[in-house]
There are 2 protein chains.
Amino acid sequence: MEKENKKEDRRVRRTRKLLTQALTELMQQKQIKDITVTELTEKADMNRGTFYLYYRDVFDMIDKIEDEMFNGLDRIFAQHSEDVASNQTEPILIDLFSLIEENQEMCRVLLSPHGDMNFLHRLNEVMHDKFLNTWVELRGPLKDNAFDYYYSFAVFGCAGLIHAWVNRSCKESTEEMAKLADRMLRRGSLSVI
Amino acid sequence: MEKENKKEDRRVRRTRKLLTQALTELMQQKQIKDITVTELTEKADMNRGTFYLYYRDVFDMIDKIEDEMFNGLDRIFAQHSEDVASNQTEPILIDLFSLIEENQEMCRVLLSPHGDMNFLHRLNEVMHDKFLNTWVELRGPLKDNAFDYYYSFAVFGCAGLIHAWVNRSCKESTEEMAKLADRMLRRGSLSVI
DNA sequence: ATGTTATCCAACAACATGTTGACTTTTTCA
DNA sequence: TGAAAAAGTCAACATGTTGTTGGATAACAT
């Protein structure tokens, strides 16, 4: 364990941070497709060539940023393994919404009209795997296709919830949101109004 | 009424059709951002300049295609104005899923990882307007923010449902899907499994 | 048959891209 | 502290896409 857990070079941190800031700003102004590496590095006040040391293009950069969020997601599910098994969704949801809150700005742009559909699908995939795996373990193999529909509806629906939440600057607390999501999933979205 | 309702030039129809076909194919292979006008027109076997007679760029083309689908959506809501007022969602949903089925391929790519987030938001907007307007008429002005969350959840959720459906090549009938959606919205998505 | 319109073709400048090599600055670590 | 390693700067390059143009040709409507 020489330098495994060593923090990365300060310059690298600085560069990554500046690029991420610049990207977040630009994504609020225009669609991803219209963001050029040139203007991105200009806004971050660095050389254009530096960008290519880290990312292939703007979309690749977004993917990498998403990666970090999904790592956080994995960590949450690892911590709540018992809750998943016992179908205790609320504690998981609270941590999940906390993660969202920490990455508020990025989530807002990723779910915005200028956002990234792939983000939604990665989310869908993760939730599907995490939950479905435990369901299979508990109840044996599945028979019909209702599960696919259930998960697609639930995950996309939660994404919609998150979208609305971050666009209100996360006014409601994470606990409130977890309760709201849980209620919608269990009793139906109409039950909240 | 000289030539108001006259069909457009046969050449125009042909060009539009060829371009749409080519786009649909390409969107299955790669992300929108990687689709160039050059390769699009090559696949459609026509001059590059012709493309610019109709669309500003590839994203503009997608918007225009979406426009047609949303016109169909408007027509459906116009036909079911009584159902909206009486909260009879199922008949509307059936027609809605029929519309989806007609535009199966395009819906699949628009909701795919390579898809268009703006499509989701336009959908959200339309449903919000159509339904919420009647709610307001019936029940007077709204007080709290639960409606926003409800609609975001419901519309995004339905989008997830549609996504799963078109990826199964619309195996289930429109009636089945309408029932499924209605049930999820009213009794909760967990009720289907 | 005739005028109108859509498409084709070639060519153009403008721009973003991705990569390179040499140079400077910062960080690491012994 | 000093030398090696790594990160970033800068200028330059070939390449490909873009959006637009003017004139020729073909397809269409009446």
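Just so it is clear: chains get the letters A, B, ... in the order the sequence lines come, proteins before strands, and each one is counted from 1.
Within a 6.0 Å radius of CZ in Arg168(A), other residues, nucleotides and ligands contribute more than 12 heavy atoms.
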Polar atom pairs (N or O), protein with nucleotides 6-10 of chain C, under 3.5 Å:
residue : atom : partner  : partner atom : Å
dA6(C)  : O4'  : Arg11(B) : NH1          : 3.3
dA6(C)  : O4'  : Arg11(B) : NH2          : 3.2
dT7(C)  : OP1  : Arg11(B) : O            : 2.9
dT7(C)  : OP1  : Thr15(B) : OG1          : 2.1
dT7(C)  : OP1  : Tyr54(B) : OH           : 3.4
dT7(C)  : OP2  : Tyr54(B) : OH           : 2.4
dC8(C)  : OP2  : Asn47(B) : N            : 2.9
dC8(C)  : OP2  : Thr50(B) : OG1          : 2.4

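Atom CG of Asp60(A) and atom P of dG18(C) are 10 Å apart (whole Å). dA7(D) atom C1' lies 14 Å from atom CG of Leu18(A), rounded to whole Å. What separates CZ of Phe51(A) from P of dT17(C) is a distance of 9 Å, to the nearest Å. The interatomic distance linking Asp57(A) (CG) with dT17(C) (P) rounds to 9 Å, in whole Å. Computed from coordinates, the Phe59(B) CZ to dT18(D) P distance equals 11 Å when rounded to whole Å.
By the 4.0 Å N-to-carboxylate-O rule, Asp67(B) lies close enough to Arg122(B) to be salt-bridged with it.
For Asn167(B), the side-chain contact (heavy atoms from CB on, under 4.5 Å) partners two or more places apart in sequence, or in a different chain, are Arg108(B), His163(B).
The closest donor-acceptor contact from the side chain of His114(B) to the backbone of Met117(A) lies at 3.5 Å or more, if one exists at all. Within the 3.5 Å criterion, the main-chain N or O of Glu8(B) finds a donor-acceptor partner in the side chain of Arg13(B).
Phosphate contact (OP1/OP2 of dT17(C), side-chain N/O of Thr38(A), threshold under 4.0 Å): present.
A heavy-atom distance below 4.0 Å to DNA chain C is reached by none of the residues of residues 20-35 of chain A.
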Chi angles and distances behind the salt bridge (Lys or Arg N to Asp or Glu O under 4.0 Å) call for Lys30(A), Glu39(A) = CA-CA 12 Å; Lys30(A) 50 169 71 178; Glu39(A) 70 177 334; 3.2 Å; yes

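Here Tyr149(A) and Phe153(A) keep their ring centres 6.0 angstrom or further from each other.
Classification of the Trp165(B)-Phe97(B) ring pair by plane angle, with boundaries at 30° and 60°, yields perpendicular.
Both Glu39(B) and Arg10(B) sit near DNA chain D, but only Glu39(B) has its closest nucleotide nearer the 5' end.
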